[in-house]
Amino acid sequence: MLDGILWVCRNILLAFYNFGYALSHPGLWLDWSDKQAIMRFVYYGGSVEFFFVIFTAFLVLTGIGLWRRRVMWGTVRLLEGMANGIGRAAAWFGLLMVLQQIMIVFLQRIFRVSEIGVGPFGYVFTKDLSWWSEELKLYNAAIVALCATYTFVQSGHVRVDLVYSEVSFRAKRVIDMLGALFFMMPVAVLIWMYSWFFMWRHLITPKPSASDTLERLLMKARAVRWNVETIGFSPNGFNGYFLFKVLLVAFTGLVFLQAIAFFYRSFLEFVEGEESAGKYLDRDSLGAGEEAYEGTH
């Protein structure tokens with residue numbers, strides 16, 4: 001037990017030393033013309049140091065929130081507001097997806113067009129019709145990745161339970177806190193550790209690995225070059241599949257932040273009681289008849 005505590009303390013200290021050194025020398029990792037800076041950015045984005053810095057920041061923020069409850073409520077409002085804002089903006093991809101699909105059908109079936117060119121700023125971007133058709137997958141992925149936390153805030157995810165609906169209000173909040181701490185956060189961290197390097201393996205070469213040390217990545221930096229994935233599933237199909245990897249990283253980060261917000265909200269509602277349920281919660285309204293809809297949802 002003592003060895004484990006000492007190991008955690010040692011890694012926290014090393015994390016702040018290494019991460020602090022990197023932050024105090026921004027030229028080491030923010031100069032994109034420097035190959036070693038790219039590799040440092042790749043390393044620290046999925047490193048143990050980064051994890052312990054975030055973990056310690058979470059503990060410090062939680063401590064401040066316990067001392068000043070309004071700070072914790074402010075954090076909840078900020079993170080939930082960010083999830084709502086991003087989700088509401090990304091939801092427009094649904095309309096764009098429908099309009100683009102209608103356009104493709106009309107141009108392909110009625111006018112027999114094989115290419116579509118777009119040039120609103122003088123630069124004409126022309127691609128085969130199959131490219132535009134396959135691009136619809138990106139819109140769908142953006143909706144899933146960027147609207148997941150928005151849907152969570154809006155309580156739109158399907159909940160299947162045998163116990164939760166029958167327990168008391170405070171017991172529900174305990175279940176929510178445990179779920180955020182032991183399910184949402186660990187899974188988000190695990191996915192981040194893999195998706196971060198998965199994304200960079202499709203952006204640069206030689207390909208970085210999650211098991212690479214900083215020294216090994218700096219050695220690879222001698223031969224590093226941008227190699228953005230542009231391979232499509234068909235000869236004239238959509239070739240921007242690296243964007244799916246970027247969306248995966250964005251999705252994971254949003255889930256982790258929402259886990260913090262959900263933990264804080266559950267704790268605050270547990271402490272303050274039922275009168276605080278839904279406090280500051282910004283949910284969209286369906287207008288007249290919403291209650292009837294919610295009753296059958």
Side-chain angles (χ1 to χ4, degrees), residues 41 45 54 57-58 61 72-105 116 118-123 125 127 131-159 180 184-185 187-189 191-192 195-196 198-200 202-203 228-229 238-266 278-290 293-294 297:
F41 185 82
I54 297 298
F58 169 69
L61 182 61
M72 192 173 287
W73 273 120
T75 303
V76 171
R77 297 179 68 181
L78 175 65
L79 295 179
E80 289 184 348
M82 184 176 67
N84 279 334
I86 294 175
R88 286 164 180 159
W92 287 98
F93 281 112
L95 177 61
L96 181 60
M97 183 166 53
V98 171
L99 294 177
Q100 185 168 313
Q101 181 63 75
I102 294 173
M103 179 185 68
I104 290 171
V105 171
I116 299 177
V118 179
F121 302 106
Y123 174 77
F125 182 75
K127 288 292 183 181
W131 189 95
W132 294 100
S133 181
E134 289 186 18
E135 190 205 14
L136 297 174
K137 300 175 184 177
L138 180 63
Y139 299 151
N140 187 61
I143 293 172
V144 173
L146 302 180
C147 293
T149 51
Y150 160 74
T151 308
F152 188 87
V153 173
Q154 301 294 324
S155 296
H157 289 295
V158 176
R159 182 190 293 271
M184 288 182 71
M185 288 186 184
V187 170
V189 169
I191 297 176
W192 176 276
S195 62
W196 177 259
F198 180 62
M199 177 185 71
W200 281 101
H202 293 85
L203 295 177
V228 179
E229 178 190 37
F238 181 69
N239 56 356
Y241 282 97
F242 71 95
L243 295 173
F244 289 87
K245 286 78 175 179
V246 177
L247 285 173
L248 180 59
V249 172
F251 162 77
T252 309
L254 289 173
V255 169
F256 184 84
L257 292 177
Q258 187 54 42
I260 295 176
F262 189 55
F263 173 77
Y264 285 169
R265 172 173 286 282
S266 301
K279 186 178 180 180
Y280 301 124
L281 192 57
D282 179 17
R283 284 184 175 169
D284 295 332
S285 174
L286 298 177
E290 179 180 7
Y293 171 78
E294 290 297 333
H297 184 51

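For reference, positions follow the sequence shown, starting with 1. If you're wondering where the values come from, they're calculated on a predicted model, not measured in any experiment.
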Flag the pair [X] / [Y] as yes when at least one side-chain heavy-atom distance between them is below 4.5 Å, and no otherwise.
X: W131; Y: N239; answer: yes
X: Q101; Y: I104; answer: yes
X: Y264; Y: L61; answer: yes
X: F256; Y: W192; answer: no

Exercise. Which is it for M185 and I260 under the side-chain contact (heavy atoms from CB on, under 4.5 Å) test, yes or no, and what are the steps along the way?
Worked result: CA-CA 8 Å; M185 288 186 184; I260 295 176; 3.6 Å; yes
Between [X] and [Y], which heavy-atom pair has the shortest distance, and what is it?
X: V153; Y: R283; result: O-NE, 3.4 Å
X: T149; Y: A83; result: OG1-CB, 3.7 Å
X: Q154; Y: D282; result: NE2-O, 3.1 Å
X: A188; Y: T252; result: O-CG2, 2.8 Å
X: M97; Y: I143; result: CE-CD1, 4.1 Å
X: M184; Y: V255; result: CE-O, 3.9 Å

Starting at [atom1] of [X], measure out to [atom2] of [Y] and round the result to the nearest 0.5 Å.
X: K245; Y: L243; atom1: NZ; atom2: CG; answer: 9.5 Å
X: M199; Y: L247; atom1: CE; atom2: CG; answer: 11.0 Å
X: L78; Y: L257; atom1: CG; atom2: CG; answer: 9.0 Å
X: L79; Y: F262; atom1: CG; atom2: CZ; answer: 13.5 Å
X: Q258; Y: E80; atom1: CD; atom2: CD; answer: 5.5 Å
X: F152; Y: L254; atom1: CZ; atom2: CG; answer: 13.0 Å

For this session: For this output row, return yes or no: ring centroids of W73 and Y280 closer than 6.0 angstrom.
Result: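 Yes, close enough.
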For this session: Run the ring-centre check on W132 versus Y139 and record whether the distance is less than 6.0 Å.
Result: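 That pair fails the under 6.0 Å test.
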For this session: List the steps and the verdict of side-chain contact (heavy atoms from CB on, under 4.5 Å) for W200 and V249.
Result: CA-CA 11 Å; W200 281 101; V249 172; over 6 Å; no
Exercise. When the ring planes of Y241 and F238 are compared, do they come out parallel, tilted or perpendicular, using 30° and 60° as the limits?
Worked result: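 Geometry flag for F238 against Y241: perpendicular rings.
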Exercise. How are the rings of F198 and H202 set to each other: parallel, tilted or perpendicular (split at 30° and 60°)?
Worked result: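 The rings of F198 and H202 stand perpendicular, inter-plane angle above 60°.
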Exercise. Does the distance from a Lys or Arg side-chain N to an Asp or Glu carboxylate O, for K127 and E135, drop under 4.0 Å?
Worked result: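 Salt bridge flag = no for E135 with K127.
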For this session: State whether the number of non-hydrogen atoms from other residues, nucleotides or ligands found under 6.0 Å of F125 atom CZ is greater than 12.
Result: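 Yes, because the 6.0 Å sphere around CZ of F125 holds more than 12 heavy atoms from other groups.
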